[in-house]
**Student:** 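One structure, as structure tokens, below. Some questions next.
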Amino acid sequence: MAARRALKAVLVDLSGTLHIEDAAVPGAQEALKRLRGASVIVRFVTNTTKESKQDLLERLRKLEFDISENEIFTSLTAARSLLEQKQVRPMLLVDDRALPDFKGIQTSDPNAVVIGLAPEHFHYQILNQAFRLLLDGAPLIAIHKARYYKRKDGLALGPGPFVTALEYATDTKATVVGKPEKTFFLEALRGTGCEPEEAVMIGDDCRDDVGGAQDVGMLGILVKTVHHRGMKQRTMNGSAL
């Protein structure tokens with residue numbers, strides 16, 4: 001790893017770190033205000049696929065977070081970029097509220113499968129359609145492979161188990177675009193003028209936030225929320241709050 005440089009940028013996770021659904025994490029607004037007072041660039045990075053970037057921004061503003069749209073980098077943004085690069089027609093297994101972020105992408109006669117968090121679409125008939133496309137050679141693109149996420153009523157299955165099931169059934173490997181992939185963190189930093197050694201990642205997921213950040217050369221700070229309570233954690237060298 002390169003020598004540590006002066007801190008210039010802070011990447012902050014959203015769901016589970018600043019908010020849980022429609023409720024702010026206690027003290028999060030005040031913490032963000034203090035961070036804004038420091039001489040660092042702040043970016044917000046998220047794996048959420050439950051809603052479009054615009055809907056997410058509106059949710060955050062209703063919770064009185066001072067955040068602008070150009071400060072948010074989502075896994076949906078990364079997925080769209082990959083689809084445009086590959087010039088494929090995806091079968092989109094995403095929440096209907098996330099579809100605006102794929103506006104203009106051709107989806108008829110699909111020749112690729114894209115999976116995000118889509119509880120209403122994770123049933124046998126739809127997954128079997130995806131399975132058959134993959135058997136015919138369609139690439140599998142996972143917006144992320146989170147094992148679980150935090151809801152107000154407790155932990156819930158993420159898209160990871162469903163991606164893994166399709167990988168197993170078709171003997172294929174998904175291309176993952178969200179955290180903890182190195183490319184995600186590098187894309188989030190693009191435009192800041194900062195190298196990974198000059199940045200820190202703050203998040204509530206030991207593997208996807210802290211581990212992913214450390215793998216690319218950033219420092220990782222773990223916010224201990226109930227996201228990971230009772231779950232087996234990977235030991236990290238990063239700080240913990």
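Computation of the quantities below employed the complete heavy-atom set of this structure, encompassing side-chain atoms and omitting hydrogens, waters and symmetry-equivalent molecules.
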**Student:** Does the plane of the ring in Phe73 sit parallel, tilted or perpendicular to the ring in Phe184? Use 30° and 60° as the thresholds.
**Tutor:**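 Ring orientation, 0 to 90° scale: tilted.
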**Student:** Is there a side-chain contact between Arg80 and Ile105 (heavy atoms, below 4.5 Å)?
**Tutor:**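 Touching, per the 4.5 Å side-chain cut-off.
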**Student:** Compare all side-chain heavy atoms of Leu18 with those of Phe44 and state whether any distance is below 4.5 angstrom.
**Tutor:** yes
**Student:** Picking from His19, Gln54, Glu51, Glu21, what satisfies side-chain hydrogen bond (donor to acceptor under 3.5 Å, both in side chains) with Arg59?
**Tutor:**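 With Arg59 as partner, side-chain hydrogen bond (donor to acceptor under 3.5 Å, both in side chains) holds for just one option, Glu51.
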**Student:** Using a 4.5 Å cut-off on heavy atoms from C-beta on, say whether the side chain of Asn111 contacts that of Met91.
**Tutor:**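 With C-beta onward as the side chain, the pair stays apart.
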**Student:** Mark yes or no for whether Arg43, through its side chain, and Ala9, through its backbone, hold a donor-acceptor pair below 3.5 Å.
**Tutor:** no
**Student:** Do Val45 and Met201 touch side chain to side chain, with heavy atoms closer than 4.5 Å?
**Tutor:** yes
**Student:** Would a distance-only check, ignoring hydrogens and angles, find a side-chain to backbone donor-acceptor pair under 3.5 Å from Arg36 to Ala31?
**Tutor:**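 Checking the backbone N and O of Ala31 against the side chain of Arg36, no donor-acceptor pair under 3.5 Å is found.
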**Student:** Just wondering, do Asp205 and Val210 contact through their side chains at under 4.5 Å, heavy atoms?
**Tutor:**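 A side-chain contact under 4.5 Å is absent here.
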**Student:** Given Leu155 and Tyr149, is the side chain to side chain contact (heavy atoms under 4.5 Å, CB included) satisfied, shown in steps?
**Tutor:** CA-CA 6 Å; Leu155 294 177; Tyr149 69 103; over 6 Å; no
**Student:** When you measure from the side chain of Arg89 to the backbone of Thr107, do you find a donor-acceptor pair of N or O atoms at a distance under 3.5 Å?
**Tutor:** no
**Student:** Are the side chain of Thr49 and the backbone of Leu117 linked by a donor-acceptor contact shorter than 3.5 Å?
**Tutor:** yes
**Student:** Within the side chain of Lys53, is there an N or O that forms a donor-acceptor pair under 3.5 Å with the backbone of Ile72?
**Tutor:**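 A pair under 3.5 Å: yes.
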**Student:** Taking Glu64's backbone N and O only, do any of them form a donor-acceptor pair with Gln29's side chain (distance below 3.5 Å, no angle check)?
**Tutor:**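 No; judged by distance alone, with no hydrogens or angles, the pair does not exist.
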**Student:** Given 3.5 Å as the limit, does a donor-acceptor pair link the side chain of Arg147 with the main chain of Gly158, or not?
**Tutor:**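 Not a single qualifying donor-acceptor pair exists.
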**Student:** Give, for atom CG of Leu82 and atom OG1 of Thr175, the distance between the pair rounded to the nearest 0.5 Å.
**Tutor:** 6.5 Å
**Student:** Name all pairs fulfilling the side-chain hydrogen bond (donor to acceptor under 3.5 Å, both in side chains) condition that reach into residues 179-191, sequence neighbours left out, sorted by first residue then second.
**Tutor:** Asp13-Lys179, Lys179-Asp209, Glu187-Arg190
**Student:** Taking the side chain as every heavy atom from C-beta outward, state whether Leu134 and Val113 have any pair of such atoms under 4.5 Å apart.
**Tutor:** yes
**Student:** Check step by step if side chain to side chain contact (heavy atoms under 4.5 Å, CB included) holds for Val94 and Leu99.
**Tutor:** CA-CA 7 Å; Val94 300; Leu99 291 177; 3.7 Å; yes
**Student:** Please answer whether the main-chain N or O of Asn47 pairs with a side-chain N or O of His144 as donor and acceptor at a distance below 3.5 Å.
**Tutor:** yes
**Student:** Other residues, nucleotides and ligands only: do more than 12 of their heavy atoms fall within 6.0 Å of CG on Asp171?
**Tutor:** no
**Student:** Mind checking whether Val200 and Leu11 have side chains closer than 4.5 Å, heavy atoms only?
**Tutor:**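 The answer is no; the side chains never approach within 4.5 Å.
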**Student:** Just checking Arg132: does its CZ atom have more than 12 heavy atoms from other residues, nucleotides or ligands closer to it than 6.0 angstrom?
**Tutor:** no
**Student:** Applying side chain to side chain contact (heavy atoms under 4.5 Å, CB included) to Val10 and Ile41, what does each step give before you reach the verdict?
**Tutor:** CA-CA 6 Å; Val10 178; Ile41 298 170; over 6 Å; no
**Student:** Can a donor-acceptor pair be found, under 3.5 Å and without considering hydrogens, that links the side chain of Glu198 to the backbone of Met218?
**Tutor:** no
**Student:** Test side chain to side chain contact (heavy atoms under 4.5 Å, CB included) on Ile115 and Leu140; report intermediate values, then the result.
**Tutor:** CA-CA 8 Å; Ile115 298 186; Leu140 176 60; 4.0 Å; yes
**Student:** Counting only N and O atoms by type, is there a donor-acceptor contact under 3.5 Å from the side chain of Ser81 to the main-chain atoms of Thr77?
**Tutor:**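 Not at all, since once roles are kept as given, no pair shorter than 3.5 Å links the two residues.
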